[in-house]
Amino acid sequence: NKRCDTKFKKVSDQIFVVGKTFGHTSCSIYEREILRIETKQNPPKVDLAEERKNSEFIRELISLELLNSCHDVSDGGLMVSLYEMSTSELGCSIDIATLKTENLDDNSILFAEDQSRYVVSVDLSKIKEFLKIAEKSNISLFKIGEVIAEEIQFNSQKMKVVDLQKISQSVFEKNFS
């Protein structure tokens, strides 16, 4: 009956992606809203064995109280998940170098809607146990950053979470009021 919140909890918590990033942007919000491509031909493939393995890993971590926060990576990809995990007081500093491969550009990494992925934050004091369980469970795990105060930082870009929340709210009001 244990649960885990989706919001970041503490500055200096370490942020990881659980699951592999393939850069699947076909049929994604990024493709539709940013690139203005309306095709609906290639939704991301679901590997049920991988989904089960990763979700059971997440449930185990929650039951052991090793996670401070957890969010699935779905609509909008990694960047949207990180934004949704942020609060006006807590954001994140992100480095996606561990997710890079020859075929993936930054946008594919940040906005891909590949299945079976989660973003988690872990207290520094629990990292050793977290990594031990991930290795034992043969989990694809990538450290991408840490929780910081008030901002989302990526490369040399940074923005206050409250400013992003204002933009999000104004877009919502403009389109749905």
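Values reported hereafter were calculated over all heavy atoms of this structure, with side chains retained and with hydrogens, waters and symmetry mates removed. Keep in mind the model is a prediction, meaning the values are calculated, not measured. The first residue in the sequence is number 1, and the count goes up from there.
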- Item | Closest contact, heavy atoms only, L67 versus C4 | CB-SG, 3.8 Å
- Message: Rounded to the nearest 0.5 Å, what separates atom OG1 in T21 from atom CG in D114?
- Response: 6.0 Å
- Task: Tell me, please, which residues at least two apart from F154 pass ring-ring contact (aromatic ring centres under 6.0 Å, His included).
- Result: none
- Those residues at least two apart in sequence (or on a different chain) that pass side chain to side chain donor-acceptor pair (under 3.5 Å) with E51 are S116, Y118
- Any side-chain heavy atom of E56 sitting closer than 4.5 Å to one from S137? no
- Task: Work out which heavy atom in E50 is nearest to a heavy atom in S140; give both atom names and the distance.
- Result: OE2-OG, 4.5 Å
- Given V18 and I58, is the side chain to side chain contact (heavy atoms under 4.5 Å, CB included) satisfied, shown in steps? CA-CA 9 Å; V18 173; I58 293 295; 4.1 Å; yes
- Query: How would you list all residue pairs meeting side-chain hydrogen bond (donor to acceptor under 3.5 Å, both in side chains) that involve residues 154-164, not counting sequence neighbours?
  - Reply: E150-K160
- Message: Taking salt bridge (Lys or Arg N to Asp or Glu O under 4.0 Å) as the definition, give me every residue that meets it alongside D47, ordered by chain and number, with sequence neighbours left out.
- Response: none
- Hey, could you give me the CG/OG distance between L99 and S108, rounded to the nearest 0.5 Å? 12.0 Å
- Between F8 and S86 the two heavy atoms that sit nearest each other are CE1-OG, 3.7 Å
- Test item: Q14 side-chain N/O and I127 main-chain N/O as donor-acceptor pair under 3.5 Å: no
- Among V119, T98, L131, find the one that has a side-chain contact (heavy atoms from CB on, under 4.5 Å) with F16. L131
- Task: For K100, enumerate each residue passing the side chain to side chain donor-acceptor pair (under 3.5 Å) test, keeping only those at least two apart in sequence or located in another chain.
- Result: D106
- Would you please name every residue forming a salt bridge (Lys or Arg N to Asp or Glu O under 4.0 Å) with E146, sequence neighbours left out? none
- Can you list the steps and then say if V161 with E151 is a side chain to side chain contact (heavy atoms under 4.5 Å, CB included)? CA-CA 5 Å; V161 175; E151 294 181 331; 5.6 Å; no
- Item | Evaluation steps, side chain to side chain contact (heavy atoms under 4.5 Å, CB included), between S88 and V162 | CA-CA 5 Å; S88 56; V162 291; 3.3 Å; yes
- Message: So, using side chain to side chain donor-acceptor pair (under 3.5 Å) as the criterion, who are the partners of S125 when residues are at least two apart?
- Response: D123
- Query: If every non-hydrogen atom of G19 is compared with every non-hydrogen atom of N54, which pair is closest and at what distance?
  - Reply: CA-ND2, 3.7 Å
- Task: To the nearest 0.5 Å, tell me how far I148 CD1 sits from S93 OG.
- Result: 5.0 Å
- Is the closest basic N to carboxylate O distance between K9 and D13 below 4.0 Å? no
- Query: Taking only residues two or more places apart in sequence, or in another chain, which ones meet F57 in a ring-ring contact (aromatic ring centres under 6.0 Å, His included)?
  - Reply: none
- Note on the structure: With sequence neighbours left out, the residues meeting salt bridge (Lys or Arg N to Asp or Glu O under 4.0 Å) with K20 are none
- Does the side chain of I144 reach to within under 4.5 Å of the side chain of D95, using non-hydrogen atoms? no
- Heavy-atom closest pair (M159 atom, L164 atom, distance to 0.1 Å) is SD-CD2, 3.4 Å
- Is there side-chain contact between I15 and V120, with heavy atoms separated by less than 4.5 Å? no
- Task: Could you walk me through whether I133 and L66 pass side chain to side chain contact (heavy atoms under 4.5 Å, CB included), step by step?
- Result: CA-CA 10 Å; I133 294 169; L66 292 178; 3.6 Å; yes
- Message: In this structure, would I109 and V17 fall into the same cluster of hydrophobic residues linked by side-chain contacts under 4.5 Å?
- Response: yes
- Item | Residue pair V73 / A112: nearest heavy atoms and the distance that separates them | CG1-O, 4.2 Å
- Query: Would a hydrophobic clustering, with Ile, Leu, Val, Met, Phe, Trp and Tyr connected at side-chain separations under 4.5 Å, put L124 with L90?
  - Reply: no
- Query: Hey, does the side chain of K126 reach the backbone of E65 with a donor-acceptor pair shorter than 3.5 angstrom?
  - Reply: yes
- Message: Can you list everything that forms a salt bridge (Lys or Arg N to Asp or Glu O under 4.0 Å) with E89? Sequence neighbours excluded, please.
- Response: none
- Message: Using modelled atom types and a 3.5 Å cut-off, is there a donor and acceptor pairing between side-chain atoms of K10 and backbone atoms of N68?
- Response: no
- Note on the structure: Applying side chain to side chain donor-acceptor pair (under 3.5 Å) to E129 and not counting sequence neighbours gives none
Would you list the atom pairs, donor with acceptor, under 3.5 Å between side chains in residues 77-85 and any protein atom, with sequence neighbours excluded?
from: S81; atom 1: OG; to: D72; atom 2: O; distance (Å): 2.9
from: S81; atom 1: OG; to: G77; atom 2: O; distance (Å): 3.2
from: E84; atom 1: OE1; to: H71; atom 2: NE2; distance (Å): 2.8

